[in-house]
There are 2 protein chains.
Amino acid sequence: MPVTIKVNEETFTPRQQAVLTAALDLLVENGDGLTMTAVARRASCSKETLYKWFGDRDGLLTATVQWQAAKVRMPVVDRSHLNAKALRLSIEQFARDLLTVIVGEVSVTLNRTAVTHAAQEKDSLGLIVLENGPLAIRRRLKPILEAGRDARLLRFDSSEDAYRTFFGLVVRDVQIRLLLGDKALTQSNIEANIEADVKAATDQFFALYGAKANNA
Amino acid sequence: MPVTIKVNEETFTPRQQAVLTAALDLLVENGDGLTMTAVARRASCSKETLYKWFGDRDGLLTATVQWQAAKVRMPVVDRSHLNAKALRLSIEQFARDLLTVIVGEVSVTLNRTAVTHAAQEKDSLGLIVLENGPLAIRRRLKPILEAGRDARLLRFDSSEDAYRTFFGLVVRDVQIRLLLGDKALTQSNIEANIEADVKAATDQFFALYGAKANNA
DNA sequence: CCGCTGGCGTACCGTACGGTACGGTTCTAG
DNA sequence: CTAGAACCGTACCGTACGGTACGCCAGCGG
């Protein structure tokens, strides 16, 4: 019952990772209709093993989400020599990574699962996704923004506000529409426009927070 | 089995509305742990009646979501005489309404339910929420934006892009964090800042799309 | 007063699924 | 070769819940 909280570098054996992969696949395919029996069959393992390793269904779900979420690694941009061009490229890269991740099928599935979970006062999954999603972005983006400000390339009072504006400009209504299953947003449809959207968002961000207003 | 699709003005009797209210209350309280038995008990009606009226569980859920979603009515702003001040007030009002709705407990619950539903290729609820949420905003906002453009108060190529930017600037990361159950966002916490956020978003929107850049 | 319809309450059924038990098999250690 | 651990496969149990059946009462037209 007291499932060992997998804090951070919980190392899963390859076999366990295979199980988690199977679980994730099932999650992506069948939505939250994830069955212990189904996972066991897909992973060619016994249910007893599942319970031995992960405690219960929630434990398996948590491990899966956590394990996958931790794999999303935003590239760290170096903020050593910051000129205008480098800053812009960094921001743009952030926007690109953010959009690419959010649009991905895995991300949509994970977010849906976490939201579902949060709808039953079991907020553990929600917190994990939150931590590895928006908050991770924030942690990584803020230093860059502040470096930009120190270099007089950006202008803002609160880096928190700047980050949230950035998030809004990039994500817009895409994520919620994907979560709600908007058929008008096909994968290919979005991916084709990612570059344009990234550029637009970056332009807008600099228009709002650039030290000198640039009317692109 | 063929649940009659409640297209639009499906008039529910007062008794039925009471049932739907009960269902909505349970949804808000217990998340998606909505049980037919629980609804019947709460509404003091029999399960048989529920099935007679709504067909099955999904039918009840759909009716509830649809009925509630339809109650969210954005005030229509008159776009007869558009000066800069009136336009700004309209936009601001939109931002305020949008944020207020999105932040509300009912909205969070409905969106969570719809997302959960969408996670099981049953996208009906997702479509309903989508239709009455983001898309409703879009339908109502676009004419105003275009009127603003025609009056040379706004400048943009695509009203679609302008709408989406507006959405992003207003909503930012608030909705997804609420859906994921972020404890740092308490109801009161947000509501206290709504006015400031609304003003900031409006300022930013006009900075990006105003005919003349105003450096507020 | 009689019968009928609508709806309440409850008991009931079937099933799906979380969780457990157990026999059989492979692998490793000594 | 033997003992034991790990694990697979499967059968099994308990329960929760969607959905149905039925008995009962209230209101109402005749």
Side-chain angles (χ1 to χ4, degrees), chain A residues 1-4 10-65 112-113 116-117 119-122 124-125, chain B residues 1-4 10-65 112-113 116-117 119-122 124-125:
Chain A
M1 164 53 39
V3 184
T4 59
E10 181 82 10
T11 53
F12 294 110
T13 70
R15 184 76 183 96
Q16 287 172 332
Q17 294 190 22
V19 170
L20 293 179
T21 302
L24 187 65
D25 287 351
L26 278 177
L27 221 51
V28 171
E29 294 174 17
N30 297 341
D32 204 8
L34 183 63
T35 298
M36 299 302 275
T37 308
V39 174
R41 206 162 30 222
R42 174 73 65 106
S44 293
C45 72
S46 79
K47 281 171 66 177
E48 195 171 13
T49 303
L50 291 185
Y51 285 101
K52 184 175 184 179
W53 284 347
F54 305 104
D56 57 1
R57 186 175 181 275
D58 263 16
L60 173 60
L61 228 48
T62 303
T64 304
V65 170
R112 277 186 182 153
T113 307
T116 300
H117 217 240
Q120 297 150 355
E121 50 253 53
K122 323 192 110 192
S124 55
L125 289 192
Chain B
M1 164 51 41
V3 184
T4 58
E10 182 82 10
T11 53
F12 294 110
T13 71
R15 185 74 183 95
Q16 287 172 331
Q17 294 189 23
V19 170
L20 293 179
T21 302
L24 187 64
D25 287 350
L26 279 178
L27 220 51
V28 172
E29 294 174 17
N30 297 340
D32 203 10
L34 183 65
T35 297
M36 298 302 276
T37 308
V39 173
R41 206 163 30 225
R42 175 73 66 105
S44 291
C45 73
S46 78
K47 281 170 66 177
E48 194 170 14
T49 303
L50 290 186
Y51 285 102
K52 185 173 183 180
W53 284 347
F54 305 104
D56 58 0
R57 186 175 181 274
D58 264 14
L60 173 59
L61 228 48
T62 303
T64 304
V65 169
R112 277 184 182 154
T113 307
T116 299
H117 217 241
Q120 297 150 353
E121 49 255 56
K122 323 191 109 192
S124 55
L125 289 192

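Chain A is the first sequence line, chain B the second, and so forth, proteins listed ahead of strands; every chain is numbered from 1.
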Could you state the [atom1]-[atom2] distance from [X] to [N], rounded to the nearest angstrom?
X: Leu61(B); N: dG18(D); atom1: CG; atom2: C1'; result: 13 Å
X: Gln120(B); N: dG18(D); atom1: CD; atom2: C1'; result: 14 Å
X: Lys52(A); N: dG19(C); atom1: NZ; atom2: P; result: 18 Å
X: Leu50(B); N: dC8(C); atom1: CG; atom2: P; result: 9 Å

Distance check, rounded to the nearest 0.5 Å: [X] atom [atom1] versus [Y] atom [atom2]?
X: Leu61(B); Y: Met36(B); atom1: CG; atom2: CE; answer: 9.0 Å
X: Lys122(B); Y: Asp58(B); atom1: NZ; atom2: CG; answer: 3.5 Å
X: Lys47(B); Y: Leu50(B); atom1: NZ; atom2: CG; answer: 9.0 Å

Set out, line by line, the N/O atom pairs under 3.5 Å between protein and nucleotides 9-11 of chain C.
from, atom 1, to, atom 2, distance (Å)
dG9(C), O6, Glu48(B), OE1, 3.3

> Which heavy atom of Ala23(B) sits nearest a heavy atom of Leu60(B), and at what distance?
Replying inline: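 Scanning both residues, the minimum pair turns out to be CB-CD1, 4.5 Å.
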
> Run the side-chain contact (heavy atoms from CB on, under 4.5 Å) check on Thr35(A) and Arg41(A) step by step: do they pass?
Replying inline: CA-CA 10 Å; Thr35(A) 298; Arg41(A) 206 162 30 222; over 6 Å; no

Tabulate atom names and distances for all N/O pairs under 3.5 angstrom spanning the protein and nucleotides 14-17 of chain C.
none

> Is the side chain of Gln17(A) donor-acceptor paired with the backbone N or O of Phe12(A) at a distance under 3.5 Å, no angle test?
Replying inline: yes

> Just by modelled atom types, is the Thr49(A) backbone N or O under 3.5 Å from a matching donor or acceptor in the Ser46(A) side chain?
Replying inline: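 Answer holds: yes.
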
> Does any non-hydrogen side-chain atom of Thr21(A) lie less than 4.5 Å from one of Asp25(A)?
Replying inline: yes

>> Please determine whether a side-chain nitrogen or oxygen atom of Trp53(B) lies at a distance below 4.0 Å from atom OP1 or OP2 of dG6(C).
In response: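 No.
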
